[in-house]
Amino acid sequence: MDALRSPQNRFYEAFDILREKGVTNVVEFCRAARAPRTSFHHCRKAGIVRVEWLSLIVTRYGISADWLLSGRGSMLRGESNLP
């Protein structure tokens, strides 16, 4: 069940899907987040996510905050399923 997974896991899942679809990549995301790429890679390896990144993936990339934080609903805002 998705609700049992952590917001950190859901963040990286959503990021990977956005990257695979060509919506963003690590360089672009880090530029938008004003964070060094090394910080992104370090955080990912450690299994942590900065709060600013959660906000950015919701506001800029259309990921549902409800799904991101609780695992409920669709990953994308306003859609019942991923495209």
Side-chain angles (χ1 to χ4, degrees):
M1 184 166 164
D2 199 44
L4 299 177
R5 294 182 31 243
S6 71
Q8 294 90 336
N9 289 340
R10 285 188 290 275
F11 170 85
Y12 290 114
E13 176 186 347
F15 179 82
D16 288 343
I17 289 171
L18 292 170
R19 184 178 43 80
E20 289 167 9
K21 292 185 174 288
V23 175
T24 192
N25 59 46
V26 173
V27 173
E28 290 174 6
F29 187 85
C30 289
R31 188 175 298 129
R34 297 183 179 154
R37 284 188 322 238
T38 54
S39 177
F40 184 89
H41 292 299
H42 171 74
C43 287
R44 184 167 194 157
K45 186 176 180 180
I48 58 177
V49 176
R50 292 182 173 186
V51 173
E52 311 88 75
W53 299 353
L54 296 173
S55 176
L56 181 63
I57 206 165
V58 168
T59 58
R60 186 170 185 158
Y61 298 103
I63 300 299
S64 164
D66 191 38
W67 175 84
L68 190 61
L69 297 176
S70 70
R72 291 187 301 244
S74 175
M75 179 187 292
L76 297 176
R77 279 194 314 250
E79 293 190 16
S80 58
N81 294 310
L82 281 173

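The shortest non-hydrogen separation linking Ala14 to Trp67 is CB-CZ3, 4.0 Å. The shortest non-hydrogen separation linking Ser64 to Val58 is C-CG2, 4.5 Å.
A distance of 11.0 Å separates CG of Leu69 from OG of Ser6, quoted to the nearest 0.5 Å. The distance from the CG atom of Leu76 to the CD1 atom of Ile17 is 8.0 Å, given to the nearest 0.5 Å. To the nearest 0.5 Å, the span separating CZ on Phe11 from CZ on Arg44 amounts to 8.5 Å. Expressed to the nearest 0.5 Å, how far CZ of Arg77 lies from OG1 of Thr59 amounts to 7.5 Å. Rounding to the nearest 0.5 angstrom, the gap separating the CD atom in Gln8 from the CG atom in Leu54 is 7.5 Å.
In this structure, the side chains of Ile57 and Leu18 come closer than 4.5 Å at one or more pairs of heavy atoms. The shortest side-chain heavy-atom distance between Phe15 and Ile63 does not fall under the 4.5 Å cut-off.
Formation of a donor-acceptor pair under 3.5 Å by the Tyr12 side chain with backbone atoms of Ile48 is found in this model. A donor-acceptor pair under 3.5 Å links the side-chain atoms of Arg10 to the main chain of Arg5, judged by distance alone.
Annotation: Arg19, atom CZ; neighbour count of heavy atoms from other residues, nucleotides and ligands within 6.0 Å is above 12. At most 12 heavy atoms of other shown residues, nucleotides or ligands fall within 6.0 angstrom of atom NE2 in His42.
Side-chain contact, Arg50 with Ser39: a donor N or O sits under 3.5 Å from an acceptor N or O.
Ring geometry for Phe29 against Trp53 counts as perpendicular: the plane angle is over 60°, on a 0 to 90° scale with 30° as the lower cut.
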